[in-house]
Amino acid sequence: MASIADNSGNEAALARQAAILAQPVTAAREMANAIRALAIDAVEAAKSGHPGMPMGMADVAAVLWTKFLKYDAADPKWPDRDRFVLSAGHGSMLLYALLHLSGHEGMEINDLKRFRQLHSVAAGHPEYREHPAIEMTTGPLGQGLATAVGMAMAERLLAAKFGKSLVDHRTWVIAGDGCLMEGVSHEAAALAGHLKLNKLVVLFDDNSISIDGGTELATSEDPLKRFAGYGWAVRRIDGHDFGQIQAALSFATKSSKPVIIACKTIIGFGAPTKAGTAGSHGAALGGAEAEAAKRALGWEHLPFVVPENVYAPWKEAGTRGATPRRAWLKRLQKHPQKAEFERVMAGKLPDGFGEAMSSYKAGLVEQKPKLATRQASQKVLEVLVPAIPELVGGSADLTGSNLTLVKGMAGVAPDNFAGRYIYYGVREHGMAAAMNGISLHGGLIPYGGTFFVFTDYMRPSIRLAALMGIRVIHVLTHDSIGLGEDGPTHQPIEHLASFRAMPNVMVLRPADAVETAEAWELAIRNITGPTLLVLSRQAVPALRDAANGNKSARGAYVLAEAEGKRAATLIATGTEVSLAMAARATLAKEGIQVAVVSAPSFELFGKQDESYQDAVLGDAPRIGIEAAVGYGWDRWLGERGKFVGMGGFGASAPAEDLYEHFGITEAAIIAAVKMGV
Ligand SMILES: Cc1ncc(C[n+]2csc(CCOP(=O)(O)OP(=O)(O)O)c2C)c(N)n1
Ligand SMILES: [Mg+2]
């Protein structure tokens with residue numbers, strides 16, 4: 001079969017293509033050809049990009065966007081629109097062409113001419129926020145499909161709450177061979193099948209080609225059998241036969257299960273020599289091949305020119321949703337839950353949330369509970385869950401350890417979306433992607449739990465959340481060697497450092513119950529990116545005397561000032577803050593006065609002005625204390641600083657023995673202070 005540098009072996013595809021092209025060009029094909037031509041032209045102009053996928057899927061996409069997808073180009077944020085996710089994000093020109101042709105403002109022909117250029121809305125891969133009709137950022141294969149599962153879940157959850165008259169839409173996905181090979185799509189598809197998300201439809205670009213060549217180089221599976229096993233309805237069609245496409249999409253809208261339609265297509269459809277080969281996947285066709293492709297398609301127009309008779313039906317398709325949208329607006333006006341619906345869709349928090357938190361924190365200062373911060377988190381949830389009805393929780397099969405479930409939260413089940421708690425199963429990656437989808441859909445705030453170490457299984461989705469700037473909250477317990485006996489496989493060591501290195505991720509490692517409440521407040525209010533709540537398995541004493549305001553909001557603060565001039569500043573996070581406090585007390589008895597800084601969030605501290613940072617960090621020698629690797633601490637410790645923490649992987653033993661073994665002790669802190677005095 002063909003490999004990337006080799007266009008041979010595509011005789012069968014070329015023969016099939018020739019037979020299709022021998023037929024007269026119908027109006028429907030011409031509308032699809034507009035997509036192909038724009039994709040060819042934009043990729044030629046940029047001298048980079050992926051023409052093959054848009055050319056292959058143009059027919060399917062055209063039927064979807066002209067006959068089935070519910071949208072109104074005049075209002076791409078209409079809450080009850082169908083969601084369209086291009087999971088095969090490399091085919092971005094397909095989406096840009098669709099948006100342009102259907103008359104979306106802000107995706108003009110000049111934008112397409114600037115495909116892949118700096119500040120163009122038509123970026124290399126679709127980017128959320130570049131255009132209001134781009135539902136999410138895609139490009140890392142599989143993420144789109146898995147995120148779409150979350151969108152479809154959100155639709156069901158909101159429909160259960162507000163009724164079908166306000167919430168009744170589908171989620172459509174275009175995914176390729178690559179998306180279906182990626183593990184995350186397996187997790188997500190299994191969850192979707194279990195939950196019977198029947199308004200989710202995946203259009204599989206079944207072209208049997210990826211970058212290295214024919215997919216038979218690497219896979220022998222029948223994905224439809226796999227999806228059928230997950231509980232999906234499956235169909236196989238010729239992706240260039242308009243009758244079959246229409247029939248399959250119609251079938252999809254009547255299914256009681258999620259639907260996957262394998263659309264047998266020819267990658268690069270129309271290209272005279274490169275069609276059906278990996279050669280059309282990810283490079284400009286080249287002048288001669290591009291010209292010949294357009295000729296073969298019967299498209300005789302200059303680059304970037306679409307004739308009026310093709311624009312007109314496309315624009316009409318873009319307004320198909322105007323009447324249903326107006327009817328929906330009328331229903332909204334009369335709906336008894338109008339105000340609540342608008343509030344949650346706008347992402348605004350309910351009145352009273354702030355007061356509920358203030359009185360809860362005041363109680364903590366009184367009671368001074370000794371709790372693991374994961375337990376403290378559960379106590380916060382007991383306040384938040386009733387106060388914020390749009391919170392939707394869950395865990396990847398560690399509910400009893402993450403303590404993510406509180407009273408009054410029913411589980412979500414295939415036939416019951418009135419619940420608020422999702423049993424994601426042992427699917428961390430699928431969970432993180434689905435949480436992104438729930439957040440992107442709007443109307444809900446997702447949180448989900450697992451062990452901190454297993455963020456390794458979720459990193460690609462967390463990174464996308466950071467890139468898109470969306471609110472998702474990860475409850476990550478068992479945050480260090482402090483988890484003890486489960487040993488080094490379960491003990492996160494480098495995870496704090498690695499997420500601190502990831503832009504736009506708010507990492508919070510609270511030290512006691514008050515800081516945990518503050519961390520949750522910050523997470524709920526962080527609407528511009530994901531928040532990681534990094535929580536302990538083991539108990540910590542209460543450290544705070546006052547809880548007015550939110551000290552954690554500045555990232556780091558002086559928890560206990562030195563009595564007099566500082567001999568040193570101890571900077572610690574999470575469970576190690578109480579260790580620093582103990583060392584401070586012992587040193588004071590010896591007449592050595594040190595300050596303790598609690599630093600729950602490096603990101604937030606990094607955003608403070610220099611004068612605040614300087615005042616907190618002080619001039620005395622600094623000692624960092626954290627049961628993790630010291631990577632990244634230099635920024636706060638300076639040249640004379642010392643670090644008390646981990647140098648490598650942990651071990652299996654009771655937590656106290658491990659702290660002793662790895663030298664994260666009061667004695668070690670005291671010794672470090674004395675070396676500097
Ligand atoms: C997670 C991930 N791995 C690798 C890539 C690089 N990549 C982009 S497209 C592609 C091949 C995808 O094949 P397919 O989905 O069949 O797309 P087609 O070639 O049919 O357009 C690869 C490996 C990626 N974008 N994401
Ligand atoms: Mg493919």
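In this text, all values refer to a predicted model and were calculated from it rather than measured experimentally. Whatever order the structure lists them in is the order used to number ligands and atoms, beginning at 1.
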Quiz prompt | His429 vs Tyr457, ring pair (Phe, Tyr, Trp, His ring centres under 6.0 Å): CA-CA, chis, key distance, verdict | solution = CA-CA 5 Å; His429 199 175; Tyr457 282 51; 8.6 Å; no
Practice problem: Any chance you could lay out the side-chain contact (heavy atoms from CB on, under 4.5 Å) test for Arg83 and Arg170, step after step, and finish with the verdict? | Solution: CA-CA 6 Å; Arg83 305 309 195 258; Arg170 290 174 204 289; over 6 Å; no
Exercise. List the steps, then state whether side-chain contact (heavy atoms from CB on, under 4.5 Å) holds for Ile473 with Met435.
Key: CA-CA 9 Å; Ile473 303 171; Met435 286 166 66; 5.7 Å; no
Exercise. Walk me through it: do His490 and Phe454 pass the test ring pair (Phe, Tyr, Trp, His ring centres under 6.0 Å)?
Key: CA-CA 8 Å; His490 285 50; Phe454 299 136; 5.5 Å; yes
Exercise. Would you sort out whether His131 and Asp111 count as a side-chain hydrogen bond (donor to acceptor under 3.5 Å, both in side chains), showing the intermediate values?
Key: CA-CA 11 Å; His131 187 281; Asp111 296 311; over 6 Å; no
Quiz prompt | Step-by-step ring pair (Phe, Tyr, Trp, His ring centres under 6.0 Å) determination, Phe452 to His478 | solution = CA-CA 6 Å; Phe452 188 31; His478 297 60; over 10 Å; no
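Nearest protein heavy-atom contact of atom 4 (C) of ligand 1 is Leu141 CD1, 4.4 Å. Of all protein heavy atoms, the one closest to atom 19 (O) of ligand 1 is His281 ND1, 2.5 Å. For atom 16 (O) of ligand 1, the nearest protein heavy atom (residue, atom name, distance) is Ile209 O, 2.8 Å. The protein heavy atom nearest to atom 25 (N) of ligand 1 is Gly139 O, 2.8 Å. Of all protein heavy atoms, the one lying nearest to atom 20 (O) of ligand 1 is Asn207 ND2, 2.6 Å. The protein atom (non-hydrogen) at minimum distance from atom 14 (P) of ligand 1 is Gly178 N, 3.5 Å. Annotation: atom 1 (C) of ligand 1 to nearest protein heavy atom, Glu182 OE2, 3.3 Å. Nearest protein neighbour of atom 17 (O) of ligand 1, counting heavy atoms only, is His90 NE2, 3.1 Å.
Using a 4.0 Å cut-off to heavy atoms of Pro140, the atoms of ligand 1 that qualify are 26 (N). When each atom of ligand 1 is checked for a heavy atom of Met53 under 4.0 Å away, the hits are 21 (O). The distance from ligand 1 to the heavy atoms of Gly176 drops below 4.0 Å at these ligand atoms: 15 (O). Which parts of ligand 1 touch Ile267 is read off a 4.0 Å heavy-atom cut-off, strictly below it: atoms 18 (P), 19 (O), 20 (O), 21 (O).
Considering each of Ser210, Ala88, Gly52, Gly56, the one bringing a non-hydrogen atom nearest atom 13 (O) of ligand 1 is Ser210. The option with the heavy atom closest to atom 23 (C) of ligand 1, from among Thr138, Ile211, Thr215, is Ile211.
A 4.5 Å side-chain heavy-atom check between Ser208 and Glu216 finds every atom pair outside the cut-off.
Aromatic ring orientation, Tyr311 versus His100: perpendicular (interplanar angle above 60°, classes split at 30° and 60°). The aromatic rings of His125 and His50 sit tilted relative to each other, their planes meeting at an angle between 30° and 60°. Ring geometry, His104 versus Tyr71: the interplanar angle falls under 30°, so the pair is classed parallel (tilted spans 30 to 60°).
Ligand 1 has no nitrogen or oxygen under 3.5 angstrom from a nitrogen or oxygen of Asp205.
Here Asp206 does not reach the Mg ion (ligand 2): none of its N/O/S atoms is less than 2.8 Å from the metal. The Mg ion (ligand 2) does not have Gly56 among its coordinating residues (no N/O/S atom, backbone or side chain, under 2.8 Å). Within the coordination shell of the Mg ion (ligand 2), defined by N, O or S atoms under 2.8 Å, Asn207 is present.
Taking the ring centre of Phe242 as origin, the terminal cationic atom of Arg29 falls outside the region bounded by 6.0 Å and 45° from the ring axis. For the pair Arg471 and Tyr447, the cation-pi test (distance below 6.0 Å, angle within 45°) is failed.
Within Asp177, the N, O or S atom lying nearest to the Mg ion (ligand 2) carries the name OD2.
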